[in-house]
Amino acid sequence: MSDLLTAFDSDASGEAAQAFTAIASRYLAGAGSGEGPVSTPLQPAELAGRFEAPMPADGEALEASLERLERDVVRDANRLAHPMAMGHQVSPPLPAAIWSDAVISALNQSVAVWEMSPTLTLVEAQVIRWMTAMAGLGPSAGGTFTSGGTEATFTALLAARAAAQPNAWRDGVGAAPPLVLCGEHAHYAVTRAVGELGLGVENAVLVPARDHRTDPLAIEAAVNSARAAGRRIMAVVATAGSTATGSFDDLVAIGALCDREGIWLHVDGAHGAAALFSEHHR
């Protein structure tokens, strides 16, 4: 056991850290220079052969792991810092964010409760305050960080369900769950969340688009049709930057309709909500 602890302690040295940062630095320099391809030319089966081996029961020397990391993983990873990289929704991180990842991992704080992260809980709360202010929201606004658009959509519609059916957590959604209206170009996370929330994906109503934007008149027609049939509406989901085309729904018209009808409006801004930070586009 003492030998094992000694090995762990040796991995905590500055020399070991520098070996990892050197790999990251070489990756950034090579990709940023524009040399080589943006992505690998190899097929999944060709890459998979590198990793088909039994788990090393006794571990592996750090030097060997570093060599394999650079040779088998980094070499054929997507090179987001390449000047010709574009497409999908993943951007190259800022270098300072890359280096701070190591500190965050070393601290390994849990922001679930304050006593487990005395400083980072406060940092998280302050960053949320900054972001809500930048978005033009009032001092009572709040929020939480999520892993991505799917978790964010689920969290938002969970809040909508809590408003529409405050006892759903205890009693369930009942035999006639409420409807969620969304545009035909809405992200699949919307119907996924509807299913996960126990509403049933049949209760996600897809509203037609006009010029790749959800048609506000079609939303109004869907609202009237649902209410004529005695169905409740839990939320309308609008999209600020659709995944396929980047189109923004008419948030002003849809928002006015939801205000008038007393319906919860969720705006999926995973792709385009950064427009909030523009004085021209906000």
Side-chain angles (χ1 to χ4, degrees), residues 28 32 80-101 104 111 120-160 163 181-190 193 207 209-220 235-282:
L28 292 173
L80 302 177
H82 196 290
M84 295 298 290
M86 64 179 295
H88 291 286
Q89 291 79 37
V90 185
S91 62
L94 293 172
I98 299 172
W99 314 134
S100 67
D101 262 349
I104 293 167
V111 293
L120 287 184
T121 297
L122 302 175
V123 169
E124 181 184 47
Q126 183 59 52
V127 172
I128 289 291
R129 282 194 289 269
W130 286 342
M131 295 183 73
T132 55
M134 290 175 70
L137 304 177
S140 63
T144 185
F145 291 107
T146 63
S147 59
T150 296
E151 185 185 343
T153 299
F154 178 85
T155 304
L157 291 181
L158 180 62
L181 310 184
C182 63
E184 62 177 309
H185 297 301
H187 194 266
Y188 63 81
V190 177
V207 177
R210 188 174 66 238
D211 298 327
H212 303 290
R213 307 170 78 196
T214 306
D215 185 352
L217 294 177
I219 296 178
E220 185 172 18
V236 167
V237 178
T239 299
S242 66
T243 307
T245 66
S247 298
F248 278 61
D249 287 341
D250 187 341
L251 303 182
V252 174
I254 297 172
L257 168 65
C258 290
D259 278 346
R260 186 172 70 248
E261 299 292 338
I263 299 173
W264 180 290
L265 172 63
H266 168 60
V267 179
D268 177 3
H271 192 57
L276 280 168
F277 303 141
S278 163
E279 290 296 332
H280 180 69
H281 295 292
R282 65 185 306 147

Practice task
Only pairs at least two apart or in different chains count here, so list each side-chain hydrogen bond (donor to acceptor under 3.5 Å, both in side chains) that has a residue in residues 273-282.
Solution key: none
Exercise for the section: Kindly give the heavy-atom pair with the smallest separation between Leu157 and Val237, and that separation in Å. Expected result: CD2-CG2, 4.0 Å
Handout entry: By side chain to side chain contact (heavy atoms under 4.5 Å, CB included) - contacts of Asp250 (at least two apart)
Key = Arg213, Pro216, Val252, Ala253
Problem - His185 versus Ala209, closest heavy-atom pair with distance - result: CD2-CB, 3.6 Å
Problem - Pairs meeting criterion side-chain hydrogen bond (donor to acceptor under 3.5 Å, both in side chains) with involvement of residues 129-152, two or more places apart - result: Gln126-Arg129, Ser147-Glu151
Fill in the blank from the handout: By side chain to side chain contact (heavy atoms under 4.5 Å, CB included), Ala135 pairs with (sequence neighbours left out) Leu137, Leu276
Problem - Pairs meeting criterion salt bridge (charged side-chain N to carboxylate O under 4.0 Å, His left out) with involvement of residues 83-92, two or more places apart - result: none
Exercise for the section: Return yes if some donor-acceptor pair links the side-chain N/O of Asp215 with the main-chain N/O of Arg210 below 3.5 Å, else return no. Expected result: no
Exercise for the section: Inspect the surroundings of NE2 in His212 and state if more than 12 heavy atoms from other residues, nucleotides or ligands are less than 6.0 Å away. Expected result: no
Problem - Non-hydrogen atoms of Cys182 and Ala186 that approach each other most closely - result: CB-CB, 4.0 Å
Completion exercise
Those residues at least two apart in sequence (or on a different chain) that pass side-chain hydrogen bond (donor to acceptor under 3.5 Å, both in side chains) with Glu261 are Arg227
Exercise for the section: With sequence neighbours excluded, tell me which residues meet side-chain hydrogen bond (donor to acceptor under 3.5 Å, both in side chains) with Thr153. Expected result: none
Completion exercise
One should read off an interatomic distance between His187 NE2 and Thr243 OG1, to the nearest 0.5 angstrom, of 4.0 Å
Practice task
Please round to the nearest 0.5 Å and tell me the distance separating atom NE2 of His266 and atom SG of Cys258.
Solution key: 12.0 Å
Problem - Min side-chain heavy-atom separation Ile219-Thr214 under 4.5 Å - result: yes
Problem - For Ala240, all residues meeting side chain to side chain contact (heavy atoms under 4.5 Å, CB included), sequence neighbours excluded - result: Phe248, Leu251, Val267
Fill in the blank from the handout: Minimal heavy-atom distance between Ala160 and Ala235, with the atoms involved, is CB-CB, 4.1 Å
Exercise for the section: I would like to know whether Ile98 and Leu28 meet side chain to side chain contact (heavy atoms under 4.5 Å, CB included); could you show each step before the answer? Expected result: CA-CA 11 Å; Ile98 299 172; Leu28 292 173; 3.8 Å; yes
Completion exercise
For His82, the ring-ring contact (aromatic ring centres under 6.0 Å, His included) test, sequence neighbours excluded, returns none
Fill in the blank from the handout: Tightest non-hydrogen contact, residues Leu80 and Val90, listed as CD1-CG1, 3.4 Å
Handout entry: Partners passing side-chain hydrogen bond (donor to acceptor under 3.5 Å, both in side chains) against Ser242 (at least two apart in sequence or in another chain)
Key = Thr245
Completion exercise
Those residues at least two apart in sequence (or on a different chain) that pass salt bridge (Lys or Arg N to Asp or Glu O under 4.0 Å) with Glu124 are none
Problem - Residues which pass side chain to side chain contact (heavy atoms under 4.5 Å, CB included) with Met131, listed by chain and number, not counting sequence neighbours - result: Val127, Phe145
Handout entry: Residue pair Leu265, Ile254: steps toward the side chain to side chain contact (heavy atoms under 4.5 Å, CB included) verdict
Key = CA-CA 8 Å; Leu265 172 63; Ile254 297 172; 3.9 Å; yes
